[in-house]
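What follows is a single structure, written as structure tokens, with notes after it.
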Amino acid sequence: MTDATTRIGNVTITALVDTRTKGPCTLLFPGVPAEAWEAHRAHLIDDPPNVPITITSYLVRSSGKTVLVDTGIGAKDRSLARNGRLPEALTEAGVRPDEIDIVLATHMHIDHVGWHTTAVGEAFLPTFPKARHVFHRREWEHWTPTDVAHAPGNEHIVDCVLPLEETAAIELVDGEQALTDELTLLPTPGHTPGHVAVAIASAGEAGVIIGDVCHHPAQMVETGWTPLFDANPLLASGSRAALMQKIEDERLLVAAGHFAHPGFGRLVRVDGRRSWRAL
Ligand SMILES: [Zn+2]
């Protein structure tokens, strides 16, 4: 297995796998013909090909703070098969839940806020009791109104997000907010209205945790490829194109939580064409 920890200046990032899933290319990317995937076969599995999807949380240590970026799919007993193991992965990394200072959700889809809470009897309590739970204000305002939170398919908002209002510290942020003096939120809307990436800059090195700006390395090259999950495909493609350009221009180290574990790599040029090079 690839080493699950990397370093950007004085910041360390550890990839913690919550779970893994997969799906047919043509199902997950309905607008992309099967033959167009041939150029990206190295990043597919199975035959006929499936897109592998890892569901990763990143444990980031920066400026004396322990930050958890996304919390996986969780393990609540709902209709979806939710088999996340983030708590075990944290234990294996030697981290207790009460050592997490900040929990940041790149967005509020089910595979990013699943372990924000843990079911205890009938209640859902914060998994990370001492953490400040940071959300982008637009994301919060999109998902938490009663009619949206209680709409079919959004049960995870009721289980994983709303209970925090009574039981945890919540911080809503706007724009390019600093999380620590080395971590800055980067609004990248489209996948969801308030989706954010996390820019990292420390001791002359730089990187970015991209959230769901890309679900597969092919999208780093084909920035117009839209997965089923993008709420606003045009806006998402624009955010993706802009972030990939920034990654290339600034030679950023990338952490991509849905790519093959641990999701660390760089965007390079091979024969003039962009290509994902995993670390
Ligand atoms: Zn996701």
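We count ligands from 1, going down the list as the structure has it; atoms in each ligand are counted the same way. Nothing fancy with the numbering, it's 1 onward along the sequence. This structure is a prediction, so every number in the text was calculated from the model and none was measured.
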So, His112 and the Zn ion (ligand 1): N/O/S under 2.8 Å, yes or no? yes
His191 N/O/S atom closer than 2.8 Å to the Zn ion (ligand 1): no
Is there side-chain contact between Glu182 and Val67, with at least one heavy-atom pair below 4.5 Å? no
Does Asp70 put an N, O or S atom under 2.8 Å from the Zn ion (ligand 1)? no
Minimum heavy-atom separation for Val221 and Arg273, please, with both atom names. CG1-NH2, 3.6 Å
Is it the case that over 12 heavy atoms from other parts of the model lie below 6.0 angstrom from the CZ atom of Arg41? yes
Criterion ring pair (Phe, Tyr, Trp, His ring centres under 6.0 Å) on Trp37 and Phe29, from CA distance to verdict: CA-CA 10 Å; Trp37 281 98; Phe29 291 81; 5.2 Å; yes
Where the Zn ion (ligand 1) is the vertex, angle from Asp111 OD2 to Asp212 OD2 to 10°: 170°
